[in-house]
Amino acid sequence: MTVEGSSIDSTRPSIARVYDYLLGGKDNYAVDRQVGDVFFRDLPGSVAIAFANRAALTRAIAQIVTTTGVRQFIDLGSGLPTVDNVHQVAQRHAPESRIVYVDNDPQVLVHGCALLEQNDRTRVVRADVRDPEGVRTHPDTLELIDFDRPVAVVLSAVLHHVNDAEDPAGIVRHWRDHVPSGSHFFVSHFRSGDNPETAEAERVLQRTFGRGRWRTDEEIASLLDGLEILDPGIVPAPLWRPGTVGGNPWGVGGAERELTVWERLIVAGLARKA
Ligand SMILES: C[S@@+](CC[C@H](N)C(=O)[O-])C[C@H]1O[C@@H](n2cnc3c(N)ncnc32)[C@H](O)[C@@H]1O
């Protein structure tokens with residue numbers, strides 16, 4: 001299948017499709033399931049990372065819509081829309097919300113376009129998050145997003161797929177410098193722990209994709225330099241405003257029980273541009 005001149009390669013695993021498989025989705029190939037099965041079989045607790053991340057993301061979008069005036073979202077590294085995506089959560093609370101999904105995986109575009117056919121307040125842009133200016137000035141972005149008004153920039157589980165040499169902090173800085181005051185940034189990120197679980201999961205991702213950087217709390221906080229990090233800070237995803245309205249079809253709870261070591265390896269935070 002060809003999308004905008006580039007084909008879906010079903011012979012090599014893709015980050016988006018492996019993630020879709022881990023979340024129980026159907027938009028994946030045997031080659032993706034092979035990688036996913038390494039996690040299910042050898043690191044079974046690790047799958048909680050994906051669910052905890054998705055649940056925190058839905059809470060964060062609901063929080064942005066219900067507690068701020070922000071009604072436009074740029075979801076960078078959006079992944080394959082499964083259930084309760086950013087547009088579904090945002091438009092449930094505020095139907096006028098506009099969303100631009102951005103991903104470099106051709107399958108995301110195919111699936112997203114089908115899902116969003118009926119939704120004229122949502123676009124899917126195939127682009128690379130490492131080129132923030134290209135994303136910002138893409139015609140579909142400019143059609144939907146008014147950069148004179150606050151925007152929510154969503155960086156959910158994507159910056160850990162940007163290597164240090166590719167300047168993840170520079171990506172955030174670029175957006176920070178091009179959105180108005182009152183804009184929000186949601187970030188979730190693999191958090192390194194000094195434990196065998198981190199090392200093994202990192203090995204699998206690096207071996208498969210040459211990516212997957214587990215950063216320390218300090219490194220993750222520094223990605224949000226110059227922004228005001230809102231309560232409760234950057235915390236393990238299940239502890240990010242647990243119990244607030246979001247949707248959470250994943251049924252993942254929050255702080256009412258002790259977290260597993262895996263659930264502590266994904267952190268989430270919301271920041272605001274003053
Ligand atoms: C783990 S998934 C996260 C999906 C979604 N944001 C979430 O939190 O559930 C990471 C996504 O980022 C995308 N991605 C990774 N590197 C990217 C890049 N350089 N440009 C655009 N998308 C990228 C992958 O294709 C994948 O869909």
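Note that ligands are numbered from 1 as they come in the structure, with each ligand's atoms numbered from 1 the same way.
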- Note on the structure: Contact region, Ser188 to ligand 1, non-hydrogen atoms below 4.0 Å, reads neither
- Task: Consider every N or O of His161 and every N or O of ligand 1, then say whether any pair is closer than 3.5 Å.
- Result: no
- Report yes or no: does Thr141 contribute a side-chain atom to a donor-acceptor pair with the main-chain N or O of Val135 at less than 3.5 Å? yes
- Query: With backbone taken as N, CA, C and O and side chain as the heavy atoms from C-beta onward, which portion of Asp128 lies under 4.0 Å from ligand 1: side chain, backbone, both, or neither?
  - Reply: both
- Task: Check side-chain contact (heavy atoms from CB on, under 4.5 Å) between Ile229 and all other residues, then give those that pass, not counting sequence neighbours.
- Result: Leu224, Ile234, Ala271
- Message: Please verify the inter-ring angle class for His160 with Phe190; under 30° counts as parallel, over 60° as perpendicular, anything in between as tilted.
- Response: parallel
- Message: For Leu76, run the side chain to side chain contact (heavy atoms under 4.5 Å, CB included) check against Val154, Asp103, Val172, Val153 and tell me which one passes.
- Response: Val153
- Task: Could you list the atoms of ligand 1 found under 4.0 angstrom from a heavy atom of Ser78?
- Result: 4 (C), 5 (C), 6 (N)
- Message: Using a 4.0 Å cutoff against the non-hydrogen atoms of Gly77, which atoms of ligand 1 qualify?
- Response: 3 (C), 4 (C), 5 (C), 6 (N), 11 (C), 12 (O), 13 (C), 22 (N)
- Specify the protein heavy atom at minimum distance from atom 8 (O) of ligand 1: its residue, its atom name, and the distance to 0.1 Å. Ser156 OG, 2.5 Å
- Task: Please name all residues satisfying ring pair (Phe, Tyr, Trp, His ring centres under 6.0 Å) with His184, sequence neighbours left out, ordered by chain then number.
- Result: none
- Message: At under 4.0 Å between heavy atoms, is it the side chain or the backbone of Leu76 that contacts ligand 1, or both, or neither?
- Response: neither
- Query: Which of the atoms in ligand 1, numbered in the order shown and given with their element, are less than 4.0 Å from a heavy-atom of Ala127?
  - Reply: 20 (N), 21 (C)
- What atoms in ligand 1 come closer than 4.0 Å to a heavy atom of Arg54? 5 (C), 7 (C), 9 (O)
- Item | CZ on Arg130 to NE2 on His161, rounded to 0.5 Å | 12.0 Å
- Message: Checking the N or O distance criterion of under 3.5 Å, is ligand 1 in contact with Val129?
- Response: yes
- If you measure from CZ on Phe186 to CD on Gln63, what distance do you get to the nearest 0.5 Å? 11.0 Å
- Task: Examine Asp105 against ligand 1 and note whether any of their N/O atoms are separated by less than 3.5 Å.
- Result: no
